[in-house]
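All chains are named by letter (A, B, ...) in the order of the sequence lines, taking the proteins before the strands, and each is independently numbered beginning at 1.
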There are 2 protein chains.
Amino acid sequence: MAKIKYLEIYNDLKNKIDSKVYTFQQLLPSENTLVKHYDCSRNTVRRAIANLVSDGYVQTIHGQGVRVIYQELKQKEYLFGGIETFKESSIRNKNKYRTEVVFFTELTVDEEIEQLTSFPISTEIYYLQRVRYLDEKPLIIDYNYFRKDIVKDLTKEIAEDSIYEYMENELKENIITTKRMMTVEKINELDQTYLNLQDYNCVAIVTNFTFNADGVMFEFTQSRHTPDSFVFFEQAQRIK
Amino acid sequence: MAKIKYLEIYNDLKNKIDSKVYTFQQLLPSENTLVKHYDCSRNTVRRAIANLVSDGYVQTIHGQGVRVIYQELKQKEYLFGGIETFKESSIRNKNKYRTEVVFFTELTVDEEIEQLTSFPISTEIYYLQRVRYLDEKPLIIDYNYFRKDIVKDLTKEIAEDSIYEYMENELKENIITTKRMMTVEKINELDQTYLNLQDYNCVAIVTNFTFNADGVMFEFTQSRHTPDSFVFFEQAQRIK
DNA sequence: TGGTATTTGTCCGTATGTATC
DNA sequence: GGATACATACGGACAAATACC
């Protein structure tokens, strides 16, 4: 773990907000005070604060200070946000998770797949379908497309654990950027077979385009969520 | 309009990417080259680039350069993102928009409303319901709750145009931060009355908590979207 | 293989501007 | 008007990753 100053300050402040040392609507100590406290430059403090702003933890007010706007939400059973794997968020939410691979194959991108995924034609890919269980309830069906030249030697066993973990630990590939799109669509046969839909006739779909550290898109995934367990959080600043 | 250097550079680079001067997967000129070109410090260039990163336009690669990862998506009819008003995004997407206020009242926050909105009990608020039309198709029903002490003298007429415009232009209130939650829920009677749902039995719901420049939450809104015209975009970086 | 140049990442100090109290 | 606090901008130093010869 690198010892990066602005991240240490960021994490320290974040923890203090989480543990209510600084509470909702309160002002943080001024930048200059923090500079003295952490024995660093003002730029470094400001960088830490900028990260808290984009997390929706605080809001800066010109001439006044930095106000805490984070408050705990009494939360539903599941929560996504940022780039987090199913395994990671399950652990964070203290749930029992399980992934079942129901389909696994290799293919070459044709026109139809290119249209869907934006992978160039004739790229070699893995295509799989996975059902995600949380506390033994089937919540999500994933349709995964991975570039074979980047996600090398993928197996069913790896896919049942965590593909991202495999990539980061074994292949030393770093996932960096994800572009995501959310939509709602009618259910299909697979949804009906695997998911517990009650009487919903649609699913929430999250479509992911994922890029590695070289800026190459190596993954296209559509995740079909049962509506009643789907929550997605976001945080945005309005730029004048 | 303030003349802020890093925003000028940011916009210039963004335009060049949009207009394909720099194309998908290409490297931008190096920071030092850009420093010379824009006659500014390296920090300023880096700040512009940092903004492009968080927009999902580029990705920086240590020791190598800054790669463009933006590509146009052949898009559906409607698109949200960031804090953008219905009016703004309609204009951007070149559509005819219209808002109809179907309910307008003033209330005092009781326990039930506190539970829903997180407004403190006995806060004075405006409560309204609005139907949003795009090209004469009813796409969204908004349930808006505004603090009366901040959104002063709200009228039906203002609500049929743009409440945010009124706040920024007339009240000089600056909307700064929004926390957002997306869910999917069963349709209710109002949805059935006003929206064109075809045979969907659920709607996409975007719940907004909006804060002004003073860090005060002044708005709670639930927007119920017809599924077939709902698209939401997001962009995320994985932090190691 | 190794050394050098290039490029991005982190951090510092300082100066000036602008908004608030 | 003066003090305080955040915002923008500059310039420099060194580290780390990569590219190139």
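For the pair A:Thr60 and D:dA7, the criterion of a side-chain N or O lying under 4.0 Å from OP1 or OP2 is met. The side chain of B:Tyr6 contributes no N or O atom lying less than 4.0 Å from OP1 or OP2 of D:dA9. Contact between the side-chain N/O atoms of A:Lys3 and the OP1/OP2 oxygens of C:dT10 is not found at any separation under 4.0 Å.
Taking the six-membered ring where tryptophan is involved, the planes of A:Phe104 and A:Tyr126 are tilted, since the angle between them lies from 30° to 60°. Taking the six-membered ring where tryptophan is involved, the planes of B:Phe218 and B:Tyr164 are tilted, since the angle between them lies from 30° to 60°.
Here D:dT8 is the nucleotide among C:dT10, D:dT8, C:dT8 with the atom lying nearest to any side-chain atom of B:Ile4. Comparing C:dG9, D:dA5, C:dC12 against the side chain of B:Glu31 picks out C:dG9 as the nearest.
Every residue two or more places apart in sequence or in another chain was checked for a salt bridge (charged side-chain N to carboxylate O under 4.0 Å, His left out) with A:Asp214, and none qualifies.
The distance from atom CG of A:Asn51 to atom P of C:dC11 is 12 Å, rounded to the nearest whole Å. What separates CD of B:Gln59 from C1' of C:dT7 is a distance of 16 Å, to the nearest Å. B:Lys5 places its NZ atom 8 Å from the P atom of D:dG11, with the value rounded to the nearest Å. A straight line from CG of B:Leu27 to P of C:dT7 spans 10 Å, rounded to a whole angstrom. Note: CG (B:Asn32) to P (D:dG12) measures 12 Å, nearest angstrom. What separates CG of B:Leu34 from P of C:dT6 is a distance of 16 Å, to the nearest Å. With rounding to whole Å, B:Ile49 atom CD1 is found 13 Å from C:dT10 atom P.
A 4.5 Å side-chain heavy-atom check between A:Ile17 and A:Phe24 finds every atom pair outside the cut-off. Counting heavy atoms from C-beta outward, A:Asp149 and A:Glu124 have side chains that stay 4.5 Å or more apart.
For the segment residues 36-47 of chain B, the set of residues with a heavy atom within less than 4.0 Å of an atom of DNA chain D comprises B:Cys40, B:Ser41, B:Arg42, B:Asn43, B:Thr44, B:Arg47, in numerical order.
Under the ring pair (Phe, Tyr, Trp, His ring centres under 6.0 Å) rule, B:Tyr145 has a single partner from B:Tyr127, B:Phe119, B:Phe209, which is B:Tyr127.
The nearest pair of heavy atoms linking A:Ala48 to A:Tyr6 is CB-O, 3.5 Å.
Between the side chains of B:Glu160 and B:Thr99, no donor-acceptor pair is found at a separation under 3.5 Å.
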So A:Asp142 and A:Ser223, side-chain hydrogen bond (donor to acceptor under 3.5 Å, both in side chains) or not? Walk me through it.
CA-CA 4 Å; A:Asp142 275 359; A:Ser223 301; 2.7 Å; yes
Anything under 3.5 Å between a protein N or O and an N or O of nucleotides 18-21 of chain D, put it in a table, one pair a line.
none

